[in-house]
Structures are given as structure tokens and as C-alpha cells.
Amino acid sequence: QVQLVESGGGLVQAGGSLRLSCAPSEGTFRSYAMGWFRQTPGKGRSFVAAISWTSDATHYTESVKGRFTISGDNAESTLYLQMNNLKPEDTAVYFCAVQIKTTYLPYDMPDHYDYWGQGIQVTVSS
């Protein structure tokens with residue numbers, strides 16, 4: 001069982017920045033890909049960004065392109081999301097997720113991830 005822990009969330013004004021981190025609660029693991037999703041009340045989890053360790057490629061949802069950057073280290077099992085120029089519509093609970101068993105495509109489907117973090121709140125005030 002893999003337990004992921006997110007950190008770095010909080011309250012920020014529009015135009016500000018935050019950096020989310022995700023790491024296992026203990027130990028490390030090797031994975032095929034890791035991703036970030038977000039969720040607002042009453043809605044399902046929506047894709048934000050993913051990084052594939054096998055292809056060394058990154059993927060973003062359109063609304064965050066040019067503002068968010070996903071990065072990480074597969075050897076350390078760590079994942080980051082640098083969020084710049086934040087907007088009120090970015091307000092959500094953010095989750096990190098990992099593909100460990102195999103690689104699933106496409107990366108923007110929540111069901112394609114094996115383990116999830118507990119989520120962390122990001123609030124952007126206008």
C-alpha cells in the first residue's frame with residue numbers, strides 16, 4: 001500500500017504563487033507516471049497535470065498551461081506542482097496520484113491511477 005502526502009497548499013491572492021509537493025509517507029517507490037488532479041465541491045476530480053517517467057513527457061489541462069509546471073524525481077518518489085499567476089477559479093482541493101502497476105493512457109483519467117493522496121486545499125482570493 002502506498003500512502004501519498006501533499007503539502008504546500010494554503011490561501012493566496014490572485015496573481016500569487018504556490019508550490020505543492022507530494023511524497024510517500026514512508027519509503028520510496030518506482031512508478032510509471034504521477035499526476036495532479038483537483039476537485040471542487042459537488043464535482044468530480046479533474047485533471048491538472050501529469051508527468052510520465054517512461055517518456056519524460058509532461059501533460060497539462062488547457063486552463064493551466066503557461067502558469068503551472070509539474071516536476072519531480074522518480075527515484076525519490078517526489079512530485080511537485082509550481083503554480084504561478086493563480087486565479088480564483090484555481091481554488092480547489094488538489095490531489096496527487098501515481099501509476100505504479102502499469103502505465104495507463106490517457107493520463108487525464110482519475111481511474112487510471114492506483115494510489116492517491118488525501119488532498120490539500122488551495123484557495124485563491126480575488
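Below, each value reflects all heavy atoms present in this structure, side chains not excepted, and no hydrogens, waters or symmetry copies. Start at 1 with the first residue, then count along the sequence.
Residue Tyr107 shares its hydrophobic cluster (ILVMFWY side chains chained together at separations under 4.5 Å) with Phe37, Phe47, Val93, Phe95, Leu105, Tyr113, Trp116.
Here Ser63 pairs with Arg38, Thr61 under the side-chain contact (heavy atoms from CB on, under 4.5 Å) rule; sequence neighbours left out. Listed by chain and residue number, Ser52 satisfy the side-chain hydrogen bond (donor to acceptor under 3.5 Å, both in side chains) test with Thr54 (two or more places apart in sequence, or in another chain). Every side-chain contact (heavy atoms from CB on, under 4.5 Å) that Pro106 has, sequence neighbours left out, goes to Asp108, Met109, His112. Lys43 is linked by a side-chain contact (heavy atoms from CB on, under 4.5 Å) to Thr40, counting only residues two or more places apart in sequence or in another chain.
Closest approach of Ile100 and Asp114 over heavy atoms only: N-OD2, 2.7 Å. Scanning both residues, Ala49 and Leu81, for their nearest heavy atoms gives CB-CD1, 4.3 Å. Closest approach of Pro24 and Ser77 over heavy atoms only: CD-O, 3.2 Å. Pairing each heavy atom of Val98 with each of Leu4, the nearest pair is CG1-CD1, 4.0 Å.
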Exercise answer: donor-acceptor pairs, residues 25-32 side-chain atoms, under 3.5 Å, sequence neighbours excluded:
residue: Ser25; atom: OG; partner: Gln3; partner atom: OE1; Å: 3.4
residue: Ser31; atom: OG; partner: Trp53; partner atom: NE1; Å: 2.9
residue: Ser31; atom: OG; partner: Asn74; partner atom: OD1; Å: 3.3

Enumerate, atom names and distances included, each donor-acceptor pair closer than 3.5 Å involving a side-chain atom of residues 6-19, sequence neighbours excluded.
residue: Glu6; atom: OE1; partner: Gln118; partner atom: N; Å: 3.1
residue: Glu6; atom: OE1; partner: Gln118; partner atom: NE2; Å: 3.3
residue: Glu6; atom: OE1; partner: Gly119; partner atom: N; Å: 2.9
residue: Glu6; atom: OE2; partner: Cys96; partner atom: N; Å: 2.9
residue: Glu6; atom: OE2; partner: Gly119; partner atom: N; Å: 3.3
residue: Ser17; atom: OG; partner: Asn84; partner atom: OD1; Å: 2.9

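A donor-acceptor distance shorter than 3.5 angstrom exists from the side chain of Gln99 to the backbone of Tyr104, with no hydrogens or angles considered.
Counting heavy atoms from C-beta on, the side chains of Gln39 and Ser46 never come closer than 4.5 Å. Side-chain contact between Val48 and Tyr60: absent, with no pair of heavy atoms (C-beta onward) separated by less than 4.5 Å. At least one side-chain heavy atom of Gln121 sits less than 4.5 Å from a side-chain heavy atom of Thr91.
The list of salt bridge (Lys or Arg N to Asp or Glu O under 4.0 Å) pairs with a residue in residues 54-68, not counting sequence neighbours, reads Glu62-Lys65, Arg67-Asp90.
Hydrophobic clustering (side-chain heavy atoms under 4.5 Å, transitive across Ile, Leu, Val, Met, Phe, Trp, Tyr) keeps Tyr80 apart from Val2.
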